[in-house]
Every structure is written in structure tokens, then in C-alpha cells.
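Next up is a structure, given as C-alpha cells.
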Amino acid sequence: MNRINKKLQEDKKLLSIYFSAGYPNLNDTASIIQKLEESGVDMIEIGLPFSDPLADGPTIQESSTQALKNGMTTNLLFNQLATIRETVTIPLIIMGYFNPMLQYGVEAFCKKCKETGIDGLIIPDLPVDVYNEQYKSIFEKHGLINVFLITPQTRIERINFIDSISNGFIYMVSSASVTGSKSGFGDEQTNYFERISKMNLSNPQIVGFGISNNETFTQATKHAKGAIIGSAFIKHLTKNGVTNIDFFINKITSIRKSKFKKA
Amino acid sequence: MNRINKKLQEDKKLLSIYFSAGYPNLNDTASIIQKLEESGVDMIEIGLPFSDPLADGPTIQESSTQALKNGMTTNLLFNQLATIRETVTIPLIIMGYFNPMLQYGVEAFCKKCKETGIDGLIIPDLPVDVYNEQYKSIFEKHGLINVFLITPQTRIERINFIDSISNGFIYMVSSASVTGSKSGFGDEQTNYFERISKMNLSNPQIVGFGISNNETFTQATKHAKGAIIGSAFIKHLTKNGVTNIDFFINKITSIRKSKFKKA
Amino acid sequence: MAYNINEKGYYGEFGGAYIPEMLYPNVEELRQNYLKIMAEPSFKAEFDQLLKDYVGRPSPLYLAKRLSKKYNTKIYLKREDLNHTGAHKVNNTIGQILMAQRLGKTRIIAETGAGQHGVATATVCALMGMECIVYMGEIDIARQAPNVARMKMLGAKVVPALSGSRTLKDATNEAIRDWINNPVDTHYIIGSVVGPHPYPDMVARFQAVVSEEIQWQLKEKEGTTKPNYVVACVGGGSNAAGAFYHYLEDTSVKLIAVEAAGKGIHSGESAATSVLGREGIIHGSKTLLMQTNDGQITEPYSISAGLDYPGVGPMHAHLYKTGRAEFMSITDDEAMNAGLELSQLEGIIPAIETSHSLAIFDQKKFKPDDIVIINLSGRGDKDLNNYIDYFKL
Amino acid sequence: MAYNINEKGYYGEFGGAYIPEMLYPNVEELRQNYLKIMAEPSFKAEFDQLLKDYVGRPSPLYLAKRLSKKYNTKIYLKREDLNHTGAHKVNNTIGQILMAQRLGKTRIIAETGAGQHGVATATVCALMGMECIVYMGEIDIARQAPNVARMKMLGAKVVPALSGSRTLKDATNEAIRDWINNPVDTHYIIGSVVGPHPYPDMVARFQAVVSEEIQWQLKEKEGTTKPNYVVACVGGGSNAAGAFYHYLEDTSVKLIAVEAAGKGIHSGESAATSVLGREGIIHGSKTLLMQTNDGQITEPYSISAGLDYPGVGPMHAHLYKTGRAEFMSITDDEAMNAGLELSQLEGIIPAIETSHSLAIFDQKKFKPDDIVIINLSGRGDKDLNNYIDYFKL
Ligand SMILES: Cc1ncc(COP(=O)(O)O)c(C=O)c1O
Ligand SMILES: Cc1ncc(COP(=O)(O)O)c(C=O)c1O
């Protein structure tokens with residue numbers, strides 16, 4: 001069973017962390033992953049940096065740019081991750097734009113993911129139908145879970161369709177916005193989380209975009225299985241480098257423990 | 001008999017000098033006239049300054065502008081000339097653009113000229129036919145000679161017509177050009193002077209534009225009755241004020257004397 | 001009452017050719033030939049073809065809906081801003097360059113204020129491979145820099161006029177001086193309905209294509225050739241002459257000429273000739289002009305280089321004197337605001353000259369069913385810096 | 001062989017909509033409606049009327065005699081420079097603003113390189129009273145200052161793109177981010193035949209008026225609807241798409257697409273995508289783009305802001321791949337000289353983008369009786385400072 005699926009079966013709200021590979025320093029990737037696992041994070045999205053990350057807000061964008069300046073490449077990422085499975089067991093997802101994967105060769109890329117121990121992919125600009133028609137079988141052949149996004153604007157039929165071709169979780173974009181651009185959730189988001197929750201989809205949902213602290217994490221996971229923190233974690237890295245990662249994570253998970261034990 | 005006509009009968013080449021009234025100083029007009037007469041000049045064109053002297057080159061233009069800045073007006077000119085006939089007998093011509101005269105009133109202007117002892121007018125932008133149809137009788141009533149210009153481009157019939165309505169001399173523009181813009185005469189001018197001379201017009205011709213020294217004066221007056229110096233004299237005034245006028249004039253007339261005595 | 005020119009070259013008492021003898025052969029040659037040449041089929045054909053294929057005529061007659069709504073009347077804009085080079089000026093320069101060719105001239109001179117006429121002249125000279133010298137006041141060179149750059153790109157020589165107010169009037173003086181000095185090979189392309197006869201009439205005839213088009217365009221849109229009002233700004237008066245031309249004798253069409261009041265008509269910094277001027281002679285023409293009691297020409301002022309002229313063409317002097325046209329005055333501030341308003345209501349940035357015409361709606365009310373045609377004489381690209389500075393955008 | 005788009009949104013293997021889910025509802029809404037809306041008689045009527053009365057279409061097809069003589073062939077210029085706002089871009093923005101209205105959108109965003117598309121967008125937003133935000137690379141803001149000023153006059157907000165090469169590519173990224181953040185009320189007016197399907201097709205159809213007009217204009221002048229060559233510069237490819245459109249399937253008409261070689265194709269400072277690019281995905285479209293081996297998009301370079309883009313639209317990728325169009329590359333220097341040449345031979349100052357098309361005559365010889373149509377995509381007013389500095393005029 002894929003590590004992602006296994007993790008999703010755990011009876012708790014999941015905390016997933018995103019960071020850009022190669023940031024703040026070129027070779028921080030493995031140690032960030034290890035420290036995140038040690039801190040009790042449930043899942044990790046490793047950002048494959050792209051020159052033109054059009055769905056990302058300024059924080060992630062800048063970290064990508066810096067990572068590329070540091071010398072990050074697709075090959076290097078795979079090298080950095082070559083022995084990662086010797087030290088961590090946490091589900092690992094590569095999140096990146098489609099063009100670098102296309103240039104690597106989609107099949108080669110998937111194969112390499114499998115070899116490295118990557119469990120899934122999030123490719124914001126790979127459309128559902130193109131995936132479904134051209135790439136689904138390749139992903140499945142290599143045991144990779146592909147994660148699709150939905151937003152408050154996604155229609156019910158489309159959500160159902162996405163659910164039907166998903167085999168892990170659904171990445172629920174909290175509000176239609178690039179990463180890092182809103183702070184705190186209002187009624188609109190809460191209603192949306194609830195609405196999706198009531199659809200009883202076969203794939204659990206994990207919320208992303210706009211989660212930066214325990215408060216937003218709590219709100220987001222009231223109706224969803226988990227939440228992803230990206231920009232806020234990158235800001236932590238910018239400020240502290242790879243130190244105090246457990247402190248950052250604990251601020252969120254301590255709350256999770258105290259709060260959700262009751263539930 | 002008008003002083004101009006009388007002067008034209010003298011058996012010599014005539015030297016006429018132009019200057020802008022009110023330049024270099026506002027009240028230099030009378031003294032310049034007196035000194036010119038004393039220096040042996042034959043005729044004087046007193047420039048009535050105009051803001052937009054479009055047939056004048058930079059030198060005369062600047063002297064006009066300065067004269068206006070000094071405070072020169074039409075009334076003031078007539079005041080400055082009010083008693084001029086008590087001191088000089090030389091023919092005096094006012095040369096100016098038509099608009100200031102029009103604003104003064106053409107009849108009033110002519111009347112004032114007569115009272116002051118002005119003998120003639122040169123108005124470059126008063127066209128021959130407008131003069132002929134509207135103003136000729138007024139000029140004649142006040143005994144004023146109106147002087148017309150011809151240029152190398154003026155057609156024979158038109159020269160003849162101009163000759164027919166002139167009663168003093170014809171102002172022969174040396175070359176088609178604004179004042180002060182050429183130095184020295186070439187074959188073209190010489191041929192033109194000769195050509196006009198051969199027409200045996202009833203009015204003598206006096207050459208203007210481009211005469212600056214004894215050489216050009218000599219060339220110009222070979223076939224013509226006289227010549228007018230403007231810009232060169234203004235330059236003298238700019239440099240020397242009203243001093244040494246006799247020196248400037250002598251440089252030309254000495255030659256005239258030595259040269260034309262022989263002729 | 002006749003509002004157009006008579007056979008002697010006068011509009012009523014205005015016009016004529018008050019020129020030095022040095023200019024006589026040139027002006028006379030033109031006077032004797034211009035109507036004949038303009039009537040030649042080959043001339044007409046070439047003129048029309050260039051207006052169509054090169055200039056981009058007809059210029060649209062555009063119903064400005066949002067502007068109309070704001071002022072509760074029906075406002076059409078005659079889009080001379082869409083002509084090649086960006087103003088009505090090119091209608092005239094196309095005509096005159098063809099005229100110059102037929103007169104055997106090889107060298108072209110021009111004066112310019114806003115630079116539009118200079119650019120339009122440099123343009124036709126490039127098109128015909130003729131030498132081109134443009135005189136432009138030193139102040140105008142500074143405030144209309146984009147047009148100076150364009151003239152240079154087009155291969156023209158731009159000569160600064162350094163005398164007087166260093167604006168349009170002085171550039172005109174310099175051009176006339178050049179013409180006096182070059183009487184044989186040179187044609188002087190005057191840029192407005194000013195100067196000695198036959199210039200005002202010739203330029204008006206070349207610009208008359210504007211009202212000719214308005215007639216059939218309005219017929220298409222409104223079923224009538226006759227608007228209630230035709231409005232145009234007046235520097236020298238060429239765009240107004242063009243827009244008024246075919247309506248001159250039809251007094252059911254009201255004509256409005258808009259002058260630049262600068263900082264206020266009586267502020268001492270103004271160019272509102274009809275109010276401040278008296279009859280006199282400027283640049284070879286008997287007309288209205290701003291002058292001292294002594295007949296010295298006054299230095300005018302307007303924020304708009306193209307209206308910064310102390311005279312008006314003799315046609316306009318006559319239209320004013322006879323009351324055929326209503327004359328209105330618009331200040332710098334009013335014009336600038338009207339320019340911004342048109343930009344933001346209709347997406348058209350007008351030349352500051354034109355903005356004067358657009359500013360009349362705050363002074364004069366029209367009826368809801370009045371058809372008001374504004375001659376949009378030029379686009380504002382040349383004026384961007386002025387607008388930006390003025391509004392601190 | 002089919003050269004136009006297929007029902008799935010692809011030109012051969014190029015095209016599609018590689019967009020994040022956040023954009024899906026907007027793009028899908030557009031995809032489902034654009035052809036239907038464009039076919040509505042009321043849409044067509046309003047589009048045509050605005051093109052005629054507001055934009056000033058048809059733009060002339062002008063036989064450039066002196067240029068033709070110099071290169072010993074028959075050169076026609078399609079005068080998109082005479083359109084309102086000065087380039088072909090406005091054909092598309094008129095269409096898209098009407099589309100946005102019918103889709104109930106109230107807020108408009110756009111990216112711009114040369115500023116022409118930004119101005120054209122700001123213009124139609126002013127015309128329709130809609131909010132307008134234009135993203136523009138910081139470098140382009142500096143080198144196309146006149147257009148920035150125009151956008152401000154028109155009431156648009158110009159937001160600098162500070163990332164990447166700070167040119168067109170990055171402005172496009174910013175615009176897409178804005179759209180992601182504003183998925184309900186906002187329409188994104190893309191300025192070229194790039195972006196996710198249906199943009200390339202929609203923009204091409206709005207620009208197709210260019211070749212539609214060429215057909216009947218050439219018929220009038222030469223008795224045939226078919227030139228031997230149609231030439232256009234390619235940034236994203238919209239002016240080329242418009243000029244080629246009605247000739248795509250008629251291979252007797254040869255198509256030439258001209259790219260910016262910058263300081264030399266292999267100098268490392270170039271934007272010649274067809275030579276330097278590989279298949280990949282940029283701005284939601286599968287096409288040719290300049291990229292590293294690793295799939296990072298390369299920062300392009302051209303003196304011309306409108307060609308300074310690392311991709312081409314999918315139509316052009318297909319035209320290149322199939323050999324339907326010949327692709328040529330022109331350096332900065334060659335373009336600048338061709339721009340000066342046109343200015344001085346024909347009195348038309350072209351946009352530097354367009355100057356690239358004009359520069360092909362030194363590389364490629366045509367037969368004396370070839371009819372070569374150059375799409376004169378825009379005027380050079382925005383580029384005056386660049387020309388003046390370059391030539392030290
Ligand atoms: C756009 C525009 N409108 C008006 C004028 C004023 O000239 P006229 O009164 O001859 O139309 C100018 C002069 O340059 C101009 O450029
Ligand atoms: C005048 C002009 N031509 C060409 C272009 C290039 O765009 P496209 O390739 O979409 O025609 C631009 C872009 O701004 C432009 O302004």
C-alpha cells in the first residue's frame with residue numbers, strides 16, 4: 001500500500017508541509033525532510049523549483065528562484081533524495097510544474113520517483129483530462145498517486161469526476177488564490193469546506209493555500225482530513241535556516257494534539 | 001521738389017544708410033542722423049522697429065528687438081524727429097513694416113511724416129497693388145515718395161509697372177535674401193545689376209541687401225545710382241555706439257571719391 | 001452673405017497678400033496655379049489615393065456614447081487623430097507636397113508649433129524624397145519633444161527659432177526668411193489657414209475633406225448631412241476651416257470656434273485672438289491679431305503649442321466679425337481636464353489643442369437631440385508629458 | 001494538412017490548456033462560449049461597428065513605392081499602425097472587452113510587453129467604463145515610457161512585474177496570478193495568440209480581420225486576393241496570426257514569420273524561439289519555447305519589448321514544425337536600420353517590433369513581380385527614444 005494511502009487511514013488530522021527543494025541552501029533538502037519527520041509532520045511536499053511558477057505567491061516564487069540560483073535541477077533533486085528512504089518513512093510528494101517533468105520525460109520522471117521512494121505528485125498545471133488520457137497509466141504503473149486540486153469554483157460534477165480518478169487525496173485549495181495570499185478564513189471558506197465534506201467523496205481532502213498557523217490549521221481541518229502549510233514554513237526557513245523546525249511544527253501540532261484528542 | 005528727387009539728380013553714386021530708430025539707445029535717433037549727414041552720407045533710412053520683421057536678417061532683427069525693449073514707439077519716433085529739420089537737410093526715409101503704420105492710421109502717419117519732414121517711405125510688406133489702389137493718393141497728397149523693391153526674380157512687366165508707379169527710386173534687392181545674409185556679389189548679381197540698368201527705367205535704382213564695405217558698394221553702384229548699407233552699419237553701432245560714425249562712412253565714401261572721380 | 005473667399009483673395013475685409021516683393025514671384029506663381037492644379041484629374045487622383053491608402057481616410061465619425069450621456073446631447077467625434085502622423089495637418093501637407101512637385105520645387109520648408117505640422121511635412125518629404133527644413137520655436141521644441149524626435153527620424157532638419165516668444169509666430173518668421181532667401185527651388189508648406197493669399201484658401205480646400213466626409217458620414221448615421229453644431233479649436237484655424245468648409249454658407253449649421261484663453265483671457269497670458277485682437281497684418285495676411293496699440297505683435301500664451309499663436313486665419317476673422325461662428329475661449333485648466341475626461345470616458349487621449357474644443361460642454365448647454373460634431377483634430381501622444389506633469393499621474 | 005486549430009484546441013501537437021485548476025472555471029467558461037458569442041449577430045455588429053468607427057478600420061493596404069523600388073519587388077504595407085492606439089493589438093482588445101461584457105465580467109486584467117496591448121486594453125476599458133489593471137515588466141516600463149503614460153491617462157493601473165527577466169513573460173505570470181486570485185469578476189485579456197486554449201484561437205479570430213481586409217484590398221489593387229508572400233513579426237504571434245489567417249490553408253501564399261535575434265541568434269541574448277526553442281509548456285500552452293535542458297524557461301532578449309518573449313503561440317509552433325511558414329531571424333541592429341529606412345523612404349516610423357519584418361529584404365531576395373505584404377503591426381511613437389539614442393539623432 002502506498003505510504004500516502006496508509007497515512008490517510010490514520011485517525012487524526014494530517015499536517016503536510018511544503019518546501020522548495022534547494023532552499024535556503026542547495027543541499028538542505030534531505031535534512032529538512034528528516035527534521036520535518038522528526039518533528040511529527042505527517043506528509044511532505046517537496047517543491048521542484050520552476051522559473052515561472054504561476055500558481056505561486058511571492059514567498060514560494062522567491063524560494064524557487066533562489067533554489068534555481070543555488071543550482072537546483074531535476075537530476076540533482078533525485079540525487080539528493082537517492083538515499084532518503086534509508087532515513088525517513090513519511091509519505092513524500094513532489095510538487096512541481098509540468099514543463100520540467102516533460103523535459104525530463106514523463107515516464108523517466110515517474111520511474112525515477114518510484115526508485116527514489118516518492119509516493120505521489122502534485123502538478124498544478126497538468127490538466128485533469130490530459131493526465132487522464134495520456135499519463136494515468138504511466139503514473140499507476142510506477143505506483144504514484146497523482147493529486148488533483150479543487151477550488152471553491154470547481155463544479156460538483158467536476159469534483160465528482162476528479163474524485164473518481166483520484167486514488168489518494170484531493171488537494172482542496174482553500175480559496176481561489178495563489179499560495180500565501182490570504183490570512184485567516186472567513187465564512188465563505190468555512191462553508192466551502194463544509195460543503196465539500198458533505199459530498200462524502202471517496203478521497204479524503206487536504207486543504208492548502210492560506211494555512212499559516214494553528215488557528216488556520218484548526219479551521220481548515222475541522223471538515224477536512226488535513227492541511228498543507230507552504231509559505232509560512234518557507235518564511236520560517238528564510239529566517240532560521242534549517243534550525244528550529246521542530247519549534248515551528250510544534251506550534252501547530254501541539255494544538256492539534258490538545259484540540260483533537262478531545263474530538 | 002522732394003529732397004529725394006533732388007538728391008537723385010546729383011551726379012554721383014549715392015550712399016544711403018539704414019539704422020533702427022531707438023538703437024543702440026532709445027534717444028540716439030537724432031544724433032545718428034546728424035552724424036551721418038556730417039559724414040557725407042546721401043540719404044538715410046530710419047527703421048521703425050517692428051516685433052516681427054520678416055524680411056530682415058538677424059542683425060537688423062536684433063536691433064529692432066532691442067529698440068522695442070528700449071521703449072521705441074511710433075509716437076516717440078515722431079517726437080524724436082520733430083525738430084530734425086532744424087539741423088539736417090539730407091533726405092530722410094522711414095522704413096518699416098505695414099502693421100504699425102496701419103495701427104497709427106495710414107493717413108495720420110503720412111500727415112505726421114510730412115509735418116516732420118520725412119521724404120519717403122519703404123514698406124516691404126505693403127504690396128504694390130494694395131498701395132496703388134488704396135494708398136497712393138494719400139501718399140501723394142502728403143508729398144511722400146513710396147519706394148518699391150525689386151529682386152532678381154521680379155519679372156520685366158512687373159518691373160515696368162513698378163517703375164510706372166514710382167516717383168523716386170527703385171530699391172533693387174541685390175539678391176533674393178533677407179538683409180545681411182550674403183557677403184560679396186557674384187556673377188549672378190552683377191548680371192542682374194546690368195540687366196536692370198539696361199532697362200533704362202525712369203526711376204533710378206539703389207541697391208540694397210548685402211552691401212557692407214567699399215568693395216560691395218563699388219560693385220553695386222557700377223550699374224546703379226547708389227547703394228544702401230544696413231546690417232554693416234548696425235554692427236558698427238553695436239560695437240561703437242554713436243561714436244566713429246564718420247570713420248565707418250569714410251571707409252566707403254573715400255573709395256567712392258577716389259574711384260568715381262575717375263569714372 | 002458670403003463666408004468663403006472672394007476672387008481677390010479676401011474673406012470680407014480680411015486676407016490678401018501683404019508680402020515683401022522677395023516673396024512675390026513664389027506667392028504669385030502659387031496663386032496663379034493652385035486652383036488649376038487642384039482641378040487636374042491626375043492631381044485629384046493622386047491626392048485622393050494618398051489620403052486613402054497612406055493617410056487612412058476617411059477618418060471615422062464616431063458617436064461618443066459615454067461623453068454624450070454625460071452632457072446629455074449627441075456628440076460625434078470626427079477622428080482626425082487617426083490620420084497617419086496623428087492630426088488633421090497631414091491632409092494639407094499631402095496636398096501641398098503634390099502641389100510643390102507640380103511647381104517643380106525640390107526643397108521644402110515649414111514652420112511648426114505643436115510639431116504636428118512639422119511631422120506631417122517631414123513625412124510627406126520623406127515620402128517624396130525631398131529635402132525638408134522645419135522651423136520650430138525653442139520653447140515648442142522643449143514642450144513637444146516627441147514630435148521633434150519624429151521629425152529627425154524622418155530625416156528632416158529642425159531649426160530652432162530663437163527670437164521673440166520662441167513659439168509658432170517666430171518659427172513662421174524664420175520660415176518666411178528662409179523662403180525669401182531661397183525663392184527658386186523652395187516651396188513653403190504653411191501649416192494653417194494663415195499667410196498670404198492663396199495659402200488660407202489652398203489650405204482650407206485641402207482640409208475641406210473633413211467636412212466633405214462629415215456630410216456623408218452623418219447622412220449614413222443620422223439620415224441628414226447637417227449637424228446642429230460643428231466645433232473646432234482655432235490656432236491658425238486649419239482644422240476648423242476643414243470642419244466648417246462645406247457648412248460655411250448653410251447657416252442652419254452653427255459653427256463654434258474655440259480659442260485658447262491660456263491662464264485666463266485677461267491674465268496677460270492668453271491666445272484668445274478674437275477677444276484680444278484687432279485688425280492688422282500678420283504673416284502676410286490682413287486679419288485679427290493680438291498687438292499693442294503701436295501695432296507690435298503681442299507674444300501669446302497657451303499651454304498648447306498649436307494654439308499659441310497671436311493671430312487667426314482671415315477666414316476666421318471674417319466668421320468672427322460677421323457672427324457666422326460663435327467664438328469661445330477655454331483656459332489651460334479647462335482644456336487639460338477635458339482631455340483627461342475624454343481619455344477616461346472614451347479611451348481617446350486628445351491633443352491638448354483638441355482638448356480645448358472638448359471643454360466647451362461645461363460652458364455651453366446643448367439640447368438632448370442636438371447633434372454636435374467635435375473635430376478631434378489630433379491625438380495626445382505628443383502631449384503625454386504635459387498631461388502627466390499636470391495631473392501628477 | 002490542416003494549419004488551423006482542431007476541435008480539441010490543438011494546432012497539430014501544439015496548444016491545449018495546461019492550467020492550474022484555479023483557472024479552470026474561467027477558461028472553461030470562455031472555451032464553451034467564445035464561438036457562440038462571436039457568432040451572435042449583435043456581437044458581430046458591435047465588433048464591426050467599433051472596428052470601423054472607433055478603431056478606424058479598414059486599415060489601408062499601401063503600396064510602398066520607394067521601398068519597392070529599392071528592393072526591386074512589389075511591397076505592400078498593411079497599415080495596422082493607423083489603428084486607434086497605434087497597433088494591431090486593439091483589434092483583439094475590442095473583441096475581448098465585448099466578450100467580457102457578455103460573460104458578465106466587471107474587472108479587466110492584462111499583461112503587456114511593448115505597452116501596446118496594455119494601452120489597447122486600457123483604452124477599451126475606458127470606453128466601456130471597466131476597471132483595468134495592466135501588468136508590465138519593470139524593464140519594459142522603463143523602455144516604453146510613452147505607453148505607460150498613456151495607460152495612466154486612460155485610468156488604468158500599471159503594476160510592475162519584478163520577477164524573472166522583468167519583461168513580458170513575467171508580466172504574464174503576474175497577470176495569471178491575479179486571475180487565479182480573482183476568478184469570478186475578472187476577465188484576463190491576453191494580448192497575443194498565447195495562453196491556454198481558447199485564447200490562441202480567439203485572439204487569432206479577432207485579428208483575422210487583417211487578412212480578411214488584405215484579400216479584398218489586394219483584389220481591388222491587383223485583381224487577385226492572393227499575394228506571393230505575407231510577412232509578419234512574431235512575439236507571441238498575434239499580428240502574424242491575423243495577417244496569415246485567411247491564407248493558412250492556401251499554400252500558394254507563402255508565409256514568413258520574423259523573430260527577434262537580439263544581439264545574434266547564438267549570442268545568448270536573443271528571442272528567436274523557433275531556432276532556440278524546444279517543445280514545452282509556457283503560460284498554459286504546449287508550444288515551442290526557449291528553455292534550459294532542465295525545462296526552466298530562459299530569459300529572452302530583444303531590443304523590442306514586444307518580441308522579447310521566450311515562446312511563440314501554438315499556431316506558430318505548428319507553422320514552424322510543418323514548414324508552412326518560413327521563419328527568419330533579425331538582429332537588433334538590422335531591425336533598427338530597417339526602421340530608419342522606412343521612416344526616410346516612406347515617411348512611416350514603424351514600431352521596433354515591425355522593423356524586424358522590414359529588415360528581411362537584406363536577407364532574402366524577391367522577384368520583381370512578387371507581391372510581398374508586410375504587416376505593419378504598429379507605429380514607432382513609443383520607440384522614439386530608443387531610435388534617437390540608437391542613431392544619436
Ligand atoms: C492637433 C492640433 N489641433 C489643432 C491645431 C491648431 O492648428 P489649426 O488651428 O490650424 O487647426 C494644431 C496645431 O499644431 C494641432 O496639432
Ligand atoms: C507593434 C507590435 N508588433 C508586434 C508585437 C508582437 O506581438 P504579436 O507577436 O502578438 O503580434 C507587438 C507587441 O506588443 C507590437 O506592439
Side-chain angles (χ1 to χ4, degrees), chain C residues 49-50 52-66 76-77 79 81-86 90 119-120 122-129 145-150 152-155 217 221 339-340 342-349 379-385 387-388 391 393, chain D residues 49-50 52-66 76-77 79 81-86 90 119-120 122-129 145-150 152-155 217 221 339-340 342-349 379-385 387-388 391 393:
Chain C
Q49 183 260 327
L50 284 173
K52 176 164 172 279
D53 291 347
Y54 185 71
V55 173
R57 302 205 71 90
S59 72
L61 186 67
Y62 166 68
L63 175 61
K65 285 198 193 140
R66 303 212 316 140
Y76 279 94
L77 305 177
R79 300 289 305 276
D81 62 312
L82 293 180
N83 292 345
H84 182 48
T85 69
V90 73
V119 168
T123 295
V124 296
C125 287
L127 180 64
M128 299 302 179
N147 277 342
V148 177
R150 292 166 85 195
K152 288 180 181 169
M153 266 302 278
L154 293 161
Q217 288 172 322
K221 288 179 197 301
L340 186 65
L342 189 75
S343 302
Q344 304 201 343
L345 278 183
E346 298 287 349
I348 301 169
I349 306 172
R379 66 182 186 227
D381 293 45
K382 67 187 182 61
D383 295 314
L384 287 171
N385 287 343
Y387 279 126
I388 296 287
F391 291 112
L393 286 176
Chain D
Q49 184 259 326
L50 283 173
K52 177 165 172 278
D53 291 348
Y54 185 70
V55 173
R57 301 205 72 89
S59 72
L61 185 67
Y62 165 68
L63 175 61
K65 285 196 195 142
R66 303 213 315 141
Y76 279 94
L77 305 176
R79 300 289 305 277
D81 63 312
L82 292 181
N83 292 344
H84 181 47
T85 70
V90 73
V119 168
T123 295
V124 296
C125 288
L127 180 65
M128 299 303 178
N147 276 343
V148 177
R150 292 165 85 195
K152 289 180 180 168
M153 265 302 278
L154 293 161
Q217 287 173 323
K221 288 179 198 300
L340 186 66
L342 189 75
S343 303
Q344 304 200 344
L345 277 183
E346 297 287 350
I348 300 170
I349 306 172
R379 67 183 186 226
D381 293 45
K382 66 187 182 61
D383 296 314
L384 288 171
N385 287 343
Y387 279 125
I388 297 287
F391 291 111
L393 288 176

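Per chain, numbering begins at 1; letters A, B, ... match sequence-line order.
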message: Using heavy-atom distances under 4.5 Å, tell me whether C:Val55 contacts chain D through its side chain, its backbone, both, or neither.
response: backbone
message: Would the distance check show the side chain of C:Arg150 and the main-chain N or O of D:Ile349 forming a donor-acceptor pair, the cut-off being under 3.5 Å?
response: no
query: For C:Leu393, is it the side chain, the backbone, both or neither that has a heavy atom under 4.5 Å from a heavy atom of chain D?
result: both
Region of C:Leu345 that comes under 4.5 Å of a non-hydrogen atom in chain D: backbone
message: Does any backbone or side-chain atom of C:Lys382 lie under 4.5 Å from a heavy atom of chain D? Answer side chain, backbone, both or neither.
response: neither
- prompt: What part of C:Leu77 is in contact with chain D, defined as an atom under 4.5 angstrom from a non-hydrogen atom: side chain, backbone, both or neither?
  reply: neither
message: On the six-membered ring of C:Tyr54, is D:Arg79 placed so that its NZ or CZ lies under 6.0 angstrom from the centre and within 45° of the ring axis?
response: yes
message: Is C:Asn147 in contact with chain D via its backbone, its side chain, both, or neither, using a 4.5 Å heavy-atom distance?
response: neither
query: If every non-hydrogen atom of D:Pro60 is compared with every non-hydrogen atom of C:Lys52, which pair is closest and at what distance?
result: CG-O, 3.4 Å
query: Do any N or O atoms from the side chain of D:Gln344 and from the backbone of C:Met153 form a donor-acceptor pair under 3.5 angstrom?
result: yes
query: If you count heavy-atom pairs under 4.5 Å with chain D, which of C:Asn385, C:Ile388, C:Asp381 comes out on top?
result: C:Asp381
task: Against chain D, work out which of C:Lys221, C:Lys152, C:Arg66 has the most heavy-atom pairs shorter than 4.5 Å and name it.
output: C:Arg66
field: Max heavy-atom pair count under 4.5 Å with chain D, selected residue of C:Lys65, C:Arg379, C:Gln217
entry: C:Arg379
